[in-house]
Each structure stands twice: as structure tokens, then as C-alpha cells.
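All residue numbers refer to positions in the sequence shown, counting from 1. What you are looking at is a predicted structure, and each value in this text was computed from that prediction instead of being measured.
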Amino acid sequence: MDLLDWHRGRLTSRRLAVLVKHMPRDSAVSRELDGDGAEWTVTDYLLAAAVDHLAAANWMFASVNTNEDAEPPEAPVPVPRPGDRTEREETPDEEFGPAQAPSRSELLRFFA
């Protein structure tokens, strides 16, 4: 499908919106809008939560059953999820500032 058909009048705005809304999970549009979260399903999130809870339960069990003089076990690290950020990560937006919205003339040139 050619998206320029929308500009040419052969594709309605409603049809274009429906096509974009129902793009497959692995499409470029979904990856751009949702980032890494586009690849994660509900099952993936539930599995990560189960792993985190199991690790916390094991840590609590080990903490309670260690000798008082012994060093306590390290707390578990949660499974990284899409959208989670570490302090070391930087994105291009943070390096160069926020992206500027295109001007009216730039939009007209793009769609001309």
C-alpha cells in the first residue's frame, strides 16, 4: 500500500488511521511508537513479574535463615523491562535536546 495515496485522495483519513492502529506488533511504526515494548507481550510481562517475585521470595528465605553474624545476601535485581532506564544509558534526545516540531512550511513541503 502506498501511503501517498492519502495525499492523492485515493485513501481516506479514516482508512489510514485504521491501518496505522492495527499495524502488526513487529512493524516499524509500532517499534517507533512503543520502543522495545512493542516486542513484549502480556505473557512476557507476567513471566518477568513471576521471576521477580520468585527471586524476592528466595532472597527473603535466605535472609531469614542466615546466621546473624553472617553477611546478608544481596537483594535480587529485577528483570529489565522495556522502558526501564539505567543511569548509564543516554538517548540522542538527551544529548541534543528535545526534537523541534516541524513548521507549517516544512509540513507543506513534505506533503507537496
### Query
Within a radius of less than 6.0 Å around CZ of Arg14, do more than 12 heavy atoms belonging to other residues, nucleotides or ligands occur?
no
### Message
Return the CH2 to CZ distance between Trp40 and Arg81, rounded to the nearest 0.5 Å.
### Response
6.0 Å
### Message
Suppose the criterion is salt bridge (charged side-chain N to carboxylate O under 4.0 Å, His left out): which pairs have a residue in residues 15-24, not counting sequence neighbours?
### Response
none
### Task
Is it possible for you to say whether Leu3 and Val18 belong to one hydrophobic cluster, with membership spreading through side-chain heavy-atom contacts below 4.5 Å?
no
### Message
Tell me whether Met60 shares a hydrophobic cluster with Leu54, the cluster being built from Ile, Leu, Val, Met, Phe, Trp, Tyr side chains joined at under 4.5 Å.
### Response
no
### Message
Keeping Asp44 on the side-chain end and Thr41 on the backbone end, is there a donor-acceptor pair under 3.5 Å?
### Response
yes
### Query
Does the side chain of Thr66 come within less than 4.5 Å of Pro73's, by heavy atoms?
yes
#### Entry: Non-hydrogen atoms of Val79 and Asp52 that approach each other most closely
N-OD1, 2.8 Å
### Heavy-atom closest contact (Trp59 atom, Glu74 atom, distance)
CD1-O, 3.0 Å
### Message
So for atom CZ, which belongs to Phe61, do other residues, nucleotides or ligands contribute more than 12 heavy atoms lying within a distance under 6.0 Å?
### Response
no
